[in-house]
Chemist: 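Dropping the structure in here first, questions after.
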Amino acid sequence: SASGRRYGLLRLRIDHSQDIHPGQFAMLKPRGSVEPLLRRAMAYYKVEPGPASTLVEFIYQIVGRGTEALARLRPADEVECLGPLGHSFDLEAATARQVALVAGGAGSPALFLLAQDLVRRQIPTRLFLGGASHGDLCGLADFTSLLGAERVFTATIDGTHGVSGFVTQPLEEYLTEESANGREVLIYSCGPDPMLHRVAAISAERSLPAQLSLEAPMACGYGICVGCAVPVKNSCPEGFIYQKVCTDGPVFWSHDLAWEVA
Amino acid sequence: SASGRRYGLLRLRIDHSQDIHPGQFAMLKPRGSVEPLLRRAMAYYKVEPGPASTLVEFIYQIVGRGTEALARLRPADEVECLGPLGHSFDLEAATARQVALVAGGAGSPALFLLAQDLVRRQIPTRLFLGGASHGDLCGLADFTSLLGAERVFTATIDGTHGVSGFVTQPLEEYLTEESANGREVLIYSCGPDPMLHRVAAISAERSLPAQLSLEAPMACGYGICVGCAVPVKNSCPEGFIYQKVCTDGPVFWSHDLAWEVA
Amino acid sequence: MAVSLISDSPMPDSINHSDLLAVEIAGVRFANPVWTASGTCGYGLDMAGLIDLNRLGAICTKGLSGTPLRGNAPWRIVETQGGMLNAIGLQNIGAHAFIAEKLPALREYGARIIPNVFGYTIEQYIEAIEILETGEGIHAYELNISCPNVKAGGESFANDPRQAAEVTAAVKKVATRPVIVKLSPNVTSIAVAARAVEEAGADALSLINTAIGMSIDINTRRPRIANVTGGLSGPAIKPIAVRCVFQAARAVSIPLVGIGGIATVEDALEFIIAGASAIQVGTANFYDPSASIRIVDGLADYCRHHGLASIRELIGSLRLDE
Amino acid sequence: MAVSLISDSPMPDSINHSDLLAVEIAGVRFANPVWTASGTCGYGLDMAGLIDLNRLGAICTKGLSGTPLRGNAPWRIVETQGGMLNAIGLQNIGAHAFIAEKLPALREYGARIIPNVFGYTIEQYIEAIEILETGEGIHAYELNISCPNVKAGGESFANDPRQAAEVTAAVKKVATRPVIVKLSPNVTSIAVAARAVEEAGADALSLINTAIGMSIDINTRRPRIANVTGGLSGPAIKPIAVRCVFQAARAVSIPLVGIGGIATVEDALEFIIAGASAIQVGTANFYDPSASIRIVDGLADYCRHHGLASIRELIGSLRLDE
Ligand SMILES: Cc1cc2nc3c(=O)[nH]c(=O)nc-3n(C[C@H](O)[C@H](O)[C@H](O)COP(=O)(O)OP(=O)(O)OC[C@H]3O[C@@H](n4cnc5c(N)ncnc54)[C@H](O)[C@@H]3O)c2cc1C
Ligand SMILES: Cc1cc2nc3c(=O)[nH]c(=O)nc-3n(C[C@H](O)[C@H](O)[C@H](O)COP(=O)(O)OP(=O)(O)OC[C@H]3O[C@@H](n4cnc5c(N)ncnc54)[C@H](O)[C@@H]3O)c2cc1C
Ligand SMILES: Cc1cc2nc3c(=O)[nH]c(=O)nc-3n(C[C@H](O)[C@H](O)[C@H](O)COP(=O)(O)O)c2cc1C
Ligand SMILES: Cc1cc2nc3c(=O)[nH]c(=O)nc-3n(C[C@H](O)[C@H](O)[C@H](O)COP(=O)(O)O)c2cc1C
Ligand code: FES
Ligand code: FES
């Protein structure tokens, strides 16, 4: 992209059928590779189920040695893929609501399966998609053809697509309008931490429910290392405990998070 | 090969002209790879010099993670190649002699440039090439077309090519014959340690000079780690000192080595 | 890009290696010498969906204390070359909850159960052990002595052979089950540490715990781990761990359990040859969940291939020219 | 298979970073903080064909003793994950030969010359230093105190803060040039070791030397290194080394030189931020001969990019929430 960021698309054929829900993720690394050691967490972007095999797709931003190793994969290479992992988005909560999907950076792939499900359930859904530049709006074409261009709002820092600036700006305009119309909105969001913090603040200010899909450094992805801690409100004396992003999340209700302590 | 051993051919274009002598080697690894860390030593097999670039070839046996990494290289991949390194075979010593090249396993590639030079100098040269099985006789076709089939003697453990057993057997028969004919033979050898030990013993028993190209674990290949020690006879009280295979060798006169101490 | 895939599928049904791999440590029989390491397999159950827990020699639980602990603030982990740093802060559900919530289900599996226990004072160790003594189906305890002793200046128990011996002796007084003391590599002499806890009554030693390390984010100029320093684990520390087992084997006569960077059967064999009666798989569980089971199978293959009647013949079989 | 190639070509002509990278340690000015580590650059000259020695801050020679040493039997090295083990056995040409054969040519380069010195008794250290005192163009000494003290039970000088202090004080008495004492990571407390040699008069500390490790060939059941144990170096030990520098920086006020797994400018920056006034490139010289020069250039880039007037602003600039 014009911002200098690079992305890759990884398409895998899994040799058995898998039941994958929106917001779940997999832990990936090239088969047999020992450097880096740890697998990398990636949200499922697309899933084509089949009786004996499943086709899955991931979009990843190339940011370090793990994603660079993924980028070196070539057709027919084998990949170690542990998944599906984690809790999916709560779709029931969207019933009888308007939905605002808010995505930034490499967070949008995590929302595409969700958008498909929402459309299937005929829940009115808008996407607010932000990025540094036009090329950073991951999955823009897919979202646009799914939701319709009039339901996709973009923002780029360099102004190469949509409004200039942060995506939370069109989001707030939309929320103000809906609130004026007396319509209840549910937010689903995934993206860089600063964006999620802003979304959490907006959701708190406006008393709107929001489900956030978080990231954390993960060694295992399946609950055994306790490396992926996130502070969550609790009735204990300290007021919070640490939960695991991988198995307690990655999707959390915004109002449950105790970010201020970390 | 039938023995289960696997080999690879690596062909590199070096972006400047290089002066490479028979028996020299390079330290290789895929560009930018960090696992394994250290480069691997490989003898030049073929060299096509050019004014602005040099084409070089290596034959390698796939034995561990370094050579496996080489085997994963694909066309247009870049390779870090430090060389030429080490001392070459002493060709002057061959003047007015018969030459016996003795190679085993993945040692034969190190003798091909030498064979080409000997032919160029019209020095009568025979090759004694041993291996586990037919497919382990690295470079057999090239040696045969260079020297002529009547000058290539092979031995395989499984009897799939040439005599059954070790190559030192046809070598000894040949040496006995030449000695009966009063002809002086110079031996050049490269191969697994047990073979080199046998060649060294034969050279000692028959008082024939032999140049051996040794292997040793090498961290640097250019003289700074002192990891590649080989005991060499010396007039000091202990009778030997350690020399470096990389910069003092890899070619040594058999009678200089003090293998018995190690 | 079309890429074919190997997914992590369940392992084939239990293969019974019968006596070939059985080892006895401190009077406890283990079906095989392959255990999962504390802090790298949760409370065991968390791995049940991925591997057959019946096929493990033992499971060492996440470190347990008398009262639950919340653990450190994030970030808690960072990957380094060939390894990772962690500072989880010993987050755990507490010994009571372990007995009530985890032990009943864990007991259903064939693997031996070894709670890993820690404290910041000797009294806290005792407290945790006394709670665990009430649990059924526990086969031994593993003492993590790498925690700071808050009553003695905050240095780790493991840093001082006397304190290490003291906590060992105190625990031995209340524990009715064998006590395995887990040694830290962050000491000048592993032999001195090993002898000290052997004399204090340890039934066996496990080693090594993590090596203390640190990683700095050069852009923020802050430590990458909130706790500043963390424990280095993974293949990077394997040579240090093999050396520690080798040195401890020459210093004591109680059995040793080798830990540190074990990810393959070849790794496990190095430790056994160096003197370990059993080994633990740690960090590898994170990136290769079936590593431990493949090691079990690989050990059996090695024994058969080398004509060994028992893996026990291999323990401490290192050949030295002496 | 046609594969294109990047050969190791000579570096571009000297770029003068003038004062940006200059550092002063123990009264000696270094053009930049990038040195090559002892035992990983021969006597310096061996690298002259590959890199421009004028561009290095300093060269620490292979360990020198009063009389030449033959070194250990092969195998001396083995690669491990993210690192390597070595037991070279301190093979060296001796201090006399260094002065006669190496020093004259080495002096011609801009890099500071720092002989690394070792002994098996305090007298042997003194002997080596006294010989080196006769050499011209030497800027400082680096003391390798990780050798066994044969007069005190064969444990390494570094293992006992008192012995470390003793050899430091003894060398300080005869050395007219600054003495940099090189610390071992194989100790319970790097802070205690650092303070002991600081009090004994060390002008600076370099750290870390290798971590003791071992590797076993599972087929022969023999150690892979003839010496049985060896020193672990390379990226695998970097987190341990950064931690040691961090801890030493809080314990002493003399300058520190960081060593351990440094292969890139990012690695070097971690050490400098942790508290190192200079760094040494070791094992990386083996597999990436121009690493040190790229680090020099990378440090200058970092300073410019972050608006630093001098790399000195970065030394010990770690940010902690305290
Ligand atoms: C549940 C989940 C889903 C994700 N889905 C996607 C996705 O669909 N597309 C995508 O591009 N990225 C996604 N990420 C982020 C992705 O995992 C990181 O970008 C990736 O791990 C970076 O690895 P690296 O080696 O290239 O970078 P490095 O920075 O070299 O990674 C070093 C270490 O830091 C950790 N790390 C670095 N950045 C992050 C981060 N932002 N979050 C968590 N750990 C990090 C890595 O796991 C690794 O251990 C997801 C993360 C999580 C937790
Ligand atoms: C001067 C020289 C020239 C060589 N030329 C050739 C050649 O033309 N073709 C060829 O197939 N092989 C050649 N070799 C041997 C080749 O370098 C080794 O087979 C290779 O290093 C093994 O690397 P690996 O990672 O695949 O195996 P591993 O066994 O995993 O290597 C582990 C470590 O051991 C060292 N090592 C293992 N075996 C040897 C060995 N036999 N000699 C030296 N070091 C070893 C490696 O350098 C590495 O550090 C040569 C060796 C030397 C010293
Ligand atoms: C994330 C993590 C958490 C750990 N927690 C504990 C613990 O609670 N108690 C303990 O004794 N060891 C703990 N350890 C240390 C491991 O049990 C093991 O000794 C160490 O990681 C070395 O083995 P490895 O290299 O195979 O991981 C932990 C290690 C890791 C990586
Ligand atoms: C092959 C080899 C030889 C070494 N020889 C010496 C030595 O003679 N004296 C010394 O003080 N350190 C010696 N070292 C230690 C290094 O100088 C350095 O402290 C250590 O390798 C850690 O740095 P690295 O990880 O960058 O290699 C040697 C290291 C290696 C790998
Ligand atoms: S990533 Fe290991 S517990 Fe969440
Ligand atoms: S390989 Fe390093 S000195 Fe020979």
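Remember, it's a predicted structure, so these values are computed and weren't measured experimentally. Order of the sequence lines sets the chain letters (A, B, ...), proteins ahead of strands, with each chain counted from 1.
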Chemist: So which heavy atom on Tyr222(A) is nearest to which on Asn285(C), and how close?
Modeler: OH-O, 2.8 Å
Chemist: When rounded to the nearest 0.5 angstrom, what distance separates CG in Leu69(C) from CD1 in Ile241(A)?
Modeler: 13.0 Å
Chemist: Between atom CD1 of Ile77(C) and atom SG of Cys225(A), what is the distance when rounded to the nearest 0.5 Å?
Modeler: 4.5 Å
Chemist: What's the spacing between Leu38(A) CG and Tyr287(C) OH if we round to 0.5 Å?
Modeler: 8.0 Å
Chemist: Applying side chain to side chain contact (heavy atoms under 4.5 Å, CB included), run through Arg70(C) and Phe240(A) and close with a yes or a no.
Modeler: CA-CA 9 Å; Arg70(C) 192 174 55 205; Phe240(A) 75 99; 3.4 Å; yes
Chemist: Counting a contact as any heavy-atom pair under 4.5 Å apart, which residues of residues 103-111 of chain C contact chain A?
Modeler: none
Chemist: Contact part of Asn72(C) toward chain A, heavy-atom cut-off under 4.5 Å: side chain, backbone, both or neither?
Modeler: backbone
Chemist: Counting heavy-atom pairs under 4.5 Å with chain C, which one of Ala26(A), Gly221(A), Pro217(A) comes out on top?
Modeler: Pro217(A)
Chemist: Examine whether an atom of Glu57(A) lies under 4.5 Å from a heavy atom of chain C, and if so say whether it belongs to the side chain, the backbone or both; otherwise answer neither.
Modeler: neither
Chemist: Answer yes or no: is there an ion pair linking Glu79(C) with Arg40(A), defined by an N-O contact shorter than 4.0 Å?
Modeler: yes
Chemist: Taking the side chain as every heavy atom from C-beta outward, state whether Leu37(A) and Pro235(C) have any pair of such atoms under 4.5 Å apart.
Modeler: yes
Chemist: To the nearest 0.5 angstrom, please state how far the CG atom of Asp288(C) sits from the SG atom of Cys220(A).
Modeler: 13.0 Å
Chemist: Heavy atoms only: give me the nearest Arg39(A)-Pro289(C) pair and the separation to one decimal.
Modeler: NH2-CD, 3.8 Å
Chemist: Any sub-3.5 Å donor-acceptor pair from Gln91(C)'s side-chain atoms to Tyr242(A)'s backbone N or O?
Modeler: yes
Chemist: So, for Lys244(A) and Asp46(C), which heavy atoms are closest and what is the spacing to 0.1 Å?
Modeler: NZ-OD2, 4.2 Å
Chemist: Nearest heavy-atom pair of Thr40(C) and Ile224(A): which atoms, and what distance?
Modeler: O-CD1, 3.0 Å
Chemist: Between Ile88(C) and Val226(A), which heavy-atom pair has the shortest distance, and what is it?
Modeler: CD1-O, 3.5 Å
Chemist: Can you tell which of Val78(C), Asn86(C), Thr80(C) has the highest number of heavy-atom pairs within less than 4.5 Å of chain A?
Modeler: Thr80(C)
Chemist: When you look at OH of Tyr7(A), are more than 12 heavy atoms from neighbouring residues, nucleotides or ligands closer to it than 6.0 Å?
Modeler: yes
Chemist: ring-ring contact (aromatic ring centres under 6.0 Å, His included) with Phe271(C): which residues, sequence neighbours excluded?
Modeler: none
Chemist: Working to the nearest 0.5 angstrom, can you tell me the gap between Cys228(A) SG and Arg76(C) CZ?
Modeler: 8.0 Å
